[in-house]
Amino acid sequence: MEKIHIVTYATHSDGLLDKLKNNKYNKEIEILGWGTKFNTYIDKIKYVNKYIENKKNNDILIYIDGFDTLINRNFTYYELKKLFLKYKTKILISEDPGNLYFITNKYIANKIYNNIFGNFSNNDKPNMGMFMGYIKELKELCKCIISQNIDDDQKALLKCYKNIKIDKNKEIFLNT
């Protein structure tokens with residue numbers, strides 16, 4: 001049976017990290033990169049890649065940002081896997097809330113998003129702050145993102161955005 005791993009990347013304590021680690025639902029969060037120096041947003045992808053290199057291909061990894069993410073609902077791993085399977089994908093990424101720079105005009109917000117991160121297929125707006133998937137496919141995604149030699153994981157995702165779905169129903173991930 002697959003194991004579900006929940007990880008974050010944090011070099012130090014800041015923001016909501018303590019609340020995430022000590023969440024009221026007692027979900028274990030592994031912290032990657034602790035005590036290291038932050039260089040670029042690709043660091044988290046490099047640490048995720050290293051973390052999963054010896055994990056079973058059919059295990060599932062959930063990545064959540066360390067400084068601005070909370071677990072807001074109790075769940076069993078069975079329920080979480082069932083929700084994930086509903087999307088019929090190997091990798092699921094959170095949807096960007098589209099409120100870039102607190103712009104209320106969605107047309108302008110979308111233009112800014114596309115200018116910063118690129119135009120994704122189906123007008124998708126992925127947000128690399130939260131994602132999950134099977135280890136096998138995440139290994140491929142991490143390697144692709146790292147190989148882009150771009151400092152921003154979300155910008156690098158554009159060239160690697162294949163067979164990935166967005167949690168548009170916000171059943172697992174909710175960016176606000």
Discussion item. Can you confirm if the NZ or CZ of K27 lies within 45° of the ring axis of F75 and under 6.0 Å from the centre of its six-membered ring?
Written reply: yes
Worksheet item: Quick one: does NZ or CZ of K3 land under 6.0 Å from the six-membered ring centre of Y77, within 45 degrees of the ring axis?
Response: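 Judged by the rule (NZ or CZ under 6.0 Å from the ring centre, within 45° of its axis), K3 is not positioned above Y77.
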Worksheet entry | Side-chain H-bond candidate by donor/acceptor type, Y63 with D65, under 3.5 Å |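 Yes.
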Worksheet item: From K162 NZ over to L141 CG, what is the distance, rounded to the nearest 0.5 angstrom?
Response: 10.0 Å
Can you give each donor-acceptor pair under 3.5 Å made by side-chain atoms of residues 46-58, sequence neighbours left out, with the distance rounded to 0.1 Å?
from : atom 1 : to   : atom 2 : distance (Å)
Y51  : OH     : H5   : ND1    : 3.3
Y51  : OH     : E30  : OE2    : 2.9
N57  : OD1    : K139 : NZ     : 3.1

Discussion item. Among F67, F38, W34, which residue satisfies the ring pair (Phe, Tyr, Trp, His ring centres under 6.0 Å) criterion with H12?
Written reply: F67
N/O donor-acceptor pair under 3.5 Å between [X] side chain and [Y] backbone:
X    : Y    : answer
Q148 : L157 : no
T89  : I164 : no
D18  : N22  : no
N175 : E95  : yes

Discussion item. Counting neighbours of NZ on K170 that are heavy atoms of other residues, nucleotides or ligands and sit closer than 6.0 Å, is the number greater than 12?
Written reply: yes
Worksheet item: Under 4.0 Å between a Lys/Arg side-chain N and an Asp/Glu carboxylate O for D124 and K165?
Response: no
